[in-house]
There are 2 protein chains.
Amino acid sequence: MASLQEVARRAKVSIATVSRVLNRSDKVVPETRAAVEQALRELDYRPSRVARRLRMNSGRAHLVGLIIPDIQNPFYAEIARGVEDAAYAAEYALLLCNSDESIDKERFYLGVMRDESVDGIVLPPFDETDAAVAEFAKTGIPIVCVDRSLAQEKTDLVEVDNYRGAREAMAHLIAKGHKQIGLIEGRSHVSTSRERRRGYLDALAGHGLPVRKELMRAGDFKQESGRVLANELLDLRKPPTALFVCNNLMTVGALAALHQRDLRVPRDVAVVGFDDLPWAEALDPPPTVVRQPAYDVGRQAMELLLKRITEPGRPPVTVRLLPELVVRRST
Amino acid sequence: MASLQEVARRAKVSIATVSRVLNRSDKVVPETRAAVEQALRELDYRPSRVARRLRMNSGRAHLVGLIIPDIQNPFYAEIARGVEDAAYAAEYALLLCNSDESIDKERFYLGVMRDESVDGIVLPPFDETDAAVAEFAKTGIPIVCVDRSLAQEKTDLVEVDNYRGAREAMAHLIAKGHKQIGLIEGRSHVSTSRERRRGYLDALAGHGLPVRKELMRAGDFKQESGRVLANELLDLRKPPTALFVCNNLMTVGALAALHQRDLRVPRDVAVVGFDDLPWAEALDPPPTVVRQPAYDVGRQAMELLLKRITEPGRPPVTVRLLPELVVRRST
DNA sequence: CGTATCTGTGTAAACGTTTACAACGTTTTT
DNA sequence: AAAAACGTTGTAAACGTTTACACAGATACG
């Protein structure tokens, strides 16, 4: 609550001098510095981040935004941890918001970020043509995309090689002898969905297997849609013998559907999921998944953002991390 | 980027008038109002939250803080969702931080909240005697505690009846015939731990069962400690036939330990956990747990905070929600 | 018709910083 | 010894708002 004014009064100097002491300016003689520092201590002075942010040019607020589509999804929670740790290490505060996979909420929070004059933001855009993010980009505030990319805007980006992950998952299933493989993908205009589907299709083609359109279903990344779509696939006249499920929550949903039908995994139906699950080992059965290095995605995104804040002119870079197939007992 | 100045210039009025239009003051004649509104639109004006916060008395920043011990713990993620939804509904922005169960990180983020002049904060204190929170309380910024309570400070509080939950869990185990029941609790000076232990002890006493000190172990709420402590208990000369594990992550750890030893649950050892798990049904076996209404805890905490912000004088209230025993197949 | 009241708008101060610039005393240079 | 340079500190403006107060014009009232 103590302001520069009060400190200055107590130390019998001007507010400018106090400010100089605070900002480590060398232009202050040891005596006065000592006096000021004592006053600082006595009043337990803490600078107002708000006043500082108002005064300073952008890029020095030490505040960045993170918008997450679903904080209850362990994949995003892990990204958030990566971002947060890197931010904390650099003494940046983090404005973390949850858009609930809703473009309106995303727009609302982007507005907040803008109006709070954050130094930059990290987010997985709603989809490839996200207009809200495009609009935000006009402000010139740095953006780093994670997980999902944008079709139009050129921003820094940290993503995972989704195509490769999908190919590996499919190669694994095909090697196990599966020929009828169902695909449960996410919202189709999200870049990750597109890449994973491409991996699915290319893998089939690469092994001379036919594509059956009815084996491909698009959900919304939520558990319930995994359950529903798995059921749809299993109700087919010629049901798949294996499922490739394109995110963690839908994988759990699909597993639940299989349990409910008393199908044995992997004997009756094999399952490979995308994204690791935190308690994979305790699941029944522990699922084979394509693990994404979510923590690193977050950490590197934040580091990229910090670099861009200090050096706004640098060309946008894309960091592509490698996923890893973790074979457990669902295949 | 457009400021009041620019809008005023374009509408050929003073900045005061623009401000009045924005704040719905009735003291402005329709004509000028229209002119101002047009300028507002043309420039796509958005007020700076920073400048506004600097100018206004506290309590009107429309910004609140939430400090969570572990955002990757589904229990806290659910609380966060509750807080966030209530905040969003009231058009409050949320500064969400993750303290990682570390008192230093908590102190850092409390500092940020203070320096950002938030209108109030929600958090589960590190422990009952949390000095960082006590210090924060001196600023007069409203605090609502969730989940855990404070011994000294009188703040609003939303908690769950932990004692009752523990009694129910224990009654259930005892009814199943268990007489040697191991306790895996969390950090001991956290209020929830104390209450759950009290429930454990009273339940034993209430059913005429002896207390065996060596059956009681304290962990740190993390999965690993659940695994380690379960192993310790099972290594006892006279091991327990049932485990009461006092949070979700430790329950998963305990389950993992049991699996590793090839013990059948519940035949060899029964398990009751505290906190529900998001994919409980997919776990092996689906665990019996004391479910806490985490979402409601968060939502009501935020609502309490909003009330306190608008009406700072009101006496602190405690909301106590009821847990629910969800019987699945681990008992 | 002069004064009081009301209505709408403008002026300026305030919030708490940072920083360009001025000011002043001291030291160096010529 | 006067001029120049330097080093330390203070003054004041600026960031973008809100709002108390002043002010001017219109309306009401005696």
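Chain naming here is simple, since letters A, B, ... match the order of the sequence lines and numbering starts at 1 in each. As the structure is a computational prediction, the values presented were derived from the model and not from experiment.
Look at A:Thr32 and you'll find a side-chain N or O under 4.0 angstrom from OP1 or OP2 of D:dT9. For A:Ser19, no side-chain nitrogen or oxygen approaches OP1 or OP2 of C:dT17 to under 4.0 Å. The phosphate of D:dT9 has neither OP1 nor OP2 within less than 4.0 Å of any side-chain N or O from A:Thr17.
Here the shortest heavy-atom pairing between B:Ile141 and B:Val118 reads CG2-O, 3.8 Å. Contact detail for A:Cys145 and A:Leu150: the closest heavy-atom pair is SG-CD2, 4.0 Å. Taking every heavy atom of both residues into account, A:Glu101 and A:Phe221 meet most closely at OE2-CD1, 3.6 Å.
Rounded to whole Å, atom P of C:dG10 lies 14 Å from atom CZ of B:Arg9. We find that CG of B:Leu4 is positioned 13 Å from P of C:dG10, with the value rounded to whole Å. Straight-line distance from the NZ atom of A:Lys12 to the P atom of D:dG10: 12 Å, rounded to whole Å. Going from atom CD of B:Glu6 over to atom C1' of D:dC15 covers 13 Å, rounded to whole Å. Rounded to a whole Å, the CD atom of B:Glu31 is 14 Å from the C1' atom of C:dT7. Atom CG in B:Asn57 sits roughly 8 Å away from atom P in D:dT19 (whole-Å rounding). Residue B:Ile15 contributes atom CD1, which lies 12 Å from atom C1' of C:dA14 at whole-angstrom precision. Rounded to an integer number of Å, the gap from CG of B:Leu40 to C1' of D:dG16 is 14 Å.
Here the side chain of A:Ser3 is nearest to one of C:dG16, C:dG10, D:dA12, namely C:dG16. Listed candidates were D:dT11, C:dG10, C:dG16. Nearest to the side chain of B:Val13 is C:dG10. In this structure, the nucleotide among D:dA12, C:dG10, C:dC15 sitting nearest to the side chain of B:Leu54 is C:dC15. Nearest nucleotide to the side chain of B:Ala16, out of D:dT17, D:dT19, C:dT17: D:dT19.
Among the heavy atoms of the strands lying under 4.0 Å from A:Asn23 are primed sugar atoms or P, OP1, OP2 only; no base atom is included. If you check every strand for non-hydrogen atoms under 4.0 Å, B:Ser48 touches sugar and phosphate atoms only. Contact annotation for A:Arg53: no contact, since no heavy-atom pair falls under 4.0 Å across all strands. Heavy atoms of A:Arg60 sit under 4.0 angstrom from primed sugar atoms or phosphate atoms, though from no base atom. No engagement by A:Val50 is indicated, since no non-hydrogen atom pair under 4.0 Å with the nucleic acid exists. When heavy atoms are screened at a 4.0 angstrom cut-off, B:Arg46 is found touching the sugar-phosphate backbone but no base atom.
At a cut-off of 3.5 Å, with distance as the only test, no side-chain donor of A:Tyr109 or A:Asn98 sits close to an acceptor on the other residue. Side chains of A:Tyr76 and A:Asp147: a donor on one and an acceptor on the other come within 3.5 Å.
With the nearest nucleotide of DNA chain C identified for both A:Arg20 and A:Gln5, A:Gln5 has the one nearer the 5' end.
Side-chain atoms of B:Arg49 never come within 3.5 Å of backbone atoms of A:Ser117 as a donor-acceptor pair (strictly under, hydrogens ignored).
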